[in-house]
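Once you've had a glance at the structure underneath, I'll fire off some questions.
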Protein chains: 2
Amino acid sequence: MVFMQFSTGIKYSESDLEKAKTYRAKDYPEYVDPAIEALVREMMSGFADKWTVEILDALWDAGTLRFSKLARRVSGISQKMLTQTLRRMERDGLVVRDLYPEVPPKVEYSLSPLGLTRGAAFCNVWVWALENHEAVAVARSHFDANRR
Amino acid sequence: MVFMQFSTGIKYSESDLEKAKTYRAKDYPEYVDPAIEALVREMMSGFADKWTVEILDALWDAGTLRFSKLARRVSGISQKMLTQTLRRMERDGLVVRDLYPEVPPKVEYSLSPLGLTRGAAFCNVWVWALENHEAVAVARSHFDANRR
DNA sequence: CGGTATCCACTTAGATACTG
DNA sequence: CAGTATCTAAGTGGATACCG
């Protein structure tokens with residue numbers, strides 16, 4: 001499996017912790033429309049559920065995929081969840097659905113420009129996950145050992 | 001409400017779409033241990049549910065918060081979900097829990113170094129969400145209008 | 001092929017009550 | 001104060017069957 005490409009020159013090291021602390025130090029108390037804030041928060045959590053991440057990843061790697069190809073590529077997904085998640089992503093403007101009215105029908109999915117920028121923004125998180133999965137595994141076994 | 005600070009110099013513009021396309025063009029077919037892949041994928045989706053994001057955001061902004069302060073800061077969260085989510089984040093090594101054995105008890109929560117780097121990695125996604133919420137809103141209303 | 005519709009087992013999270 | 005325990009309503013996703 002190919003994770004989202006991360007050979008972007010963006011790397012996280014010790015200095016990033018310092019940067020992180022620096023960001024936190026400042027405070028930007030600015031007014032934000034509650035409706036917009038709600039949408040932004042929804043975009044943070046709602047766009048990062050399991051299937052959305054996997055589909056975004058698959059389309060990121062493959063570029064364009066038919067429904068059935070996508071189903072085979074995203075292992076474990078049911079037809080219902082694939083349809084449902086694709087429909088939501090299409091509605092949110094992340095995915096483009098191209099229907100070819102042939103018999104049998106052919107439907108191709110790909111990332112929209114918006115979906116591509118989302119993928120780009122997500123690259124750092126992939127990098128973080130790839131670089132820190134061991135730290136998480138250690139933290140878990142340590143916690144479980146101490147807490148029984 | 002203060003979103004995660006994003007005055008990092010990292011900005012997304014038209015050129016980022018080009019970059020995104022460039023990333024996608026290359027392919028890195030390398031073997032990954034299935035157990036590690038599963039953990040990495042879990043870290044992508046499981047660490048981005050609603051409450052985890054909100055708690056990470058709150059602790060990122062505030063630095064250190066007591067349980068009750070956190071409860072007031074994360075609007076709408078129930079005591080149960082706050083406890084549950086904090087426990088999971090602590091287990092995953094994202095959050096540090098400091099217990100002061102006084103009466104009444106005092107418990108302080110803060111982000112671990114790992115949690116801070118996660119927050120830093122997430123900054124781009126906040127930037128993306130803040131810059132593109134209107135695009136999403138437009139996409140939705142367009143989709144709803146056409147599909148009825 | 002690419003869906004939709006229905007049913008149902010399971011999970012989830014809020015409300016409430018209680019505690020060291 | 002900072003939890004735990006219990007109950008329950010609502011949501012979620014898989015399996016299955018059917019359709020244009």
Side-chain angles (χ1 to χ4, degrees), chain A residues 38 41-42 44-56 58-59 62 64-92 95-111 143-144 146-148, chain B residues 38 41-42 44-56 58-59 62 64-92 95-111 143-144 146-148:
Chain A
R41 291 189 173 279
E42 189 201 330
M44 291 302 293
S45 52
F47 288 20
D49 69 292
K50 179 177 177 181
W51 297 130
T52 303
V53 169
E54 308 248 0
I55 290 172
L56 191 54
L59 290 177
T64 298
L65 288 171
R66 293 183 64 162
F67 185 86
S68 48
K69 282 266 183 190
L70 205 39
R72 256 168 272 129
R73 194 157 175 140
V74 179
S75 75
I77 197 170
S78 65
Q79 196 180 39
K80 178 185 173 183
M81 288 315 295
L82 183 55
T83 303
Q84 204 173 100
T85 309
L86 280 171
R87 210 61 79 231
R88 195 169 348 116
M89 293 174 81
E90 189 194 355
R91 184 173 111 95
D92 291 334
V95 154
V96 177
R97 178 178 183 271
D98 287 312
L99 166 67
Y100 298 84
E102 309 166 352
V103 183
K106 174 177 162 184
V107 181
E108 286 187 343
Y109 291 93
S110 56
L111 293 183
F143 182 92
D144 294 345
N146 286 28
R147 271 274 163 178
R148 186 166 10 269
Chain B
R41 291 189 174 278
E42 188 201 328
M44 291 302 294
S45 52
F47 289 20
D49 68 294
K50 179 177 177 181
W51 297 131
T52 302
V53 169
E54 308 248 1
I55 290 173
L56 192 53
L59 290 177
T64 297
L65 287 171
R66 293 184 63 165
F67 185 86
S68 49
K69 282 266 183 189
L70 205 39
R72 255 168 273 129
R73 195 155 176 142
V74 179
S75 77
I77 197 169
S78 65
Q79 196 180 35
K80 178 185 171 182
M81 289 314 295
L82 183 55
T83 303
Q84 203 172 102
T85 309
L86 280 171
R87 210 61 79 229
R88 195 170 349 115
M89 293 174 80
E90 189 196 353
R91 178 173 181 268
D92 290 335
V95 153
V96 177
R97 179 179 182 267
D98 288 311
L99 167 66
Y100 298 85
E102 308 165 354
V103 182
K106 175 178 162 184
V107 181
E108 285 188 344
Y109 291 93
S110 56
L111 293 182
F143 182 91
D144 294 346
N146 286 27
R147 273 272 163 177
R148 181 153 3 273

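Naming: A, B, ... by sequence-line order, numbering from 1 per chain. If you're wondering where the values come from, they're calculated on a predicted model, not measured in any experiment.
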Phosphate oxygens OP1/OP2 of C:dG2: is one of them under 4.0 Å from a side-chain N or O of A:Arg66?
yes

Nearest whole angstrom, please: distance from the P of C:dC1 to the CG of A:Asp98.
19 Å

Take atom CE of B:Met81 and atom P of D:dA2, then tell me their distance rounded to the nearest Å.
19 Å

Any side-chain N or O of B:Ser68 less than 4.0 Å from the OP1 or OP2 oxygen of D:dA2?
yes

Name the closest nucleotide to the A:Thr83 side chain, picking from C:dG3, C:dC1, D:dC1.
C:dG3

Please report the distance, rounded to the nearest Å, between CD1 in B:Ile77 and P in C:dG14.
8 Å

Grab the CD-P distance between A:Glu90 and C:dG2 for me, whole Å please.
14 Å

Rounded to whole angstroms, how far apart are CG on B:Asp49 and P on C:dT11?
17 Å

Determine the contact category for B:Tyr109: base if any of its heavy atoms lies under 4.0 Å from a base atom, sugar-phosphate if only primed atoms, P, OP1 or OP2 are that close, otherwise nothing.
sugar-phosphate

What contact category does A:Gln79 fall into here, base, sugar-phosphate, or nothing, at under 4.0 angstrom with non-hydrogen atoms?
base

Counting only side-chain nitrogens and oxygens, does A:Ser78 get under 4.0 Å of the OP1 or OP2 atom of D:dG13?
no

I want to check something: taking the side chain as every heavy atom from C-beta on, are B:Asp49 and A:Ser45 in contact at a cut-off of under 4.5 Å?
no

Could you please name the option among D:dG13, D:dG20, C:dA13 that lies closest to any side-chain atom of A:Lys80?
D:dG13

Atom pair distance, as rounded to whole Å: CG in B:Leu82 and P in D:dG3
8 Å

Does a nitrogen or oxygen in the side chain of B:Arg97 sit under 4.0 Å from OP1 or OP2 of D:dA2?
no

Length of the line joining A:Lys50:NZ and D:dT12:P, which is rounded to integer Å
16 Å

Min side-chain heavy-atom separation B:Leu65-B:Tyr109 under 4.5 Å
no

Euclidean distance, atom CZ of residue A:Arg87 to atom C1' of C:dG2 [Å, nearest integer]:
9 Å

Just compare C:dC1, D:dC1, C:dG2 and give me whichever is closest to any side-chain atom of B:Pro104.
D:dC1

Check: A:Leu111 and A:Val96 side chains under 4.5 Å, non-hydrogen atoms
no

A:Leu82 side chain reached by A:Phe67 side chain, heavy atoms, under 4.5 Å
yes

Does A:Gln84 or B:Val107 map to a spot on DNA chain D nearer the 5' end, using the closest nucleotide for each?
B:Val107

Report the residue from B:Glu90, B:Arg91, B:Gln84 that forms a side-chain contact (heavy atoms from CB on, under 4.5 Å) with B:Arg87.
B:Glu90

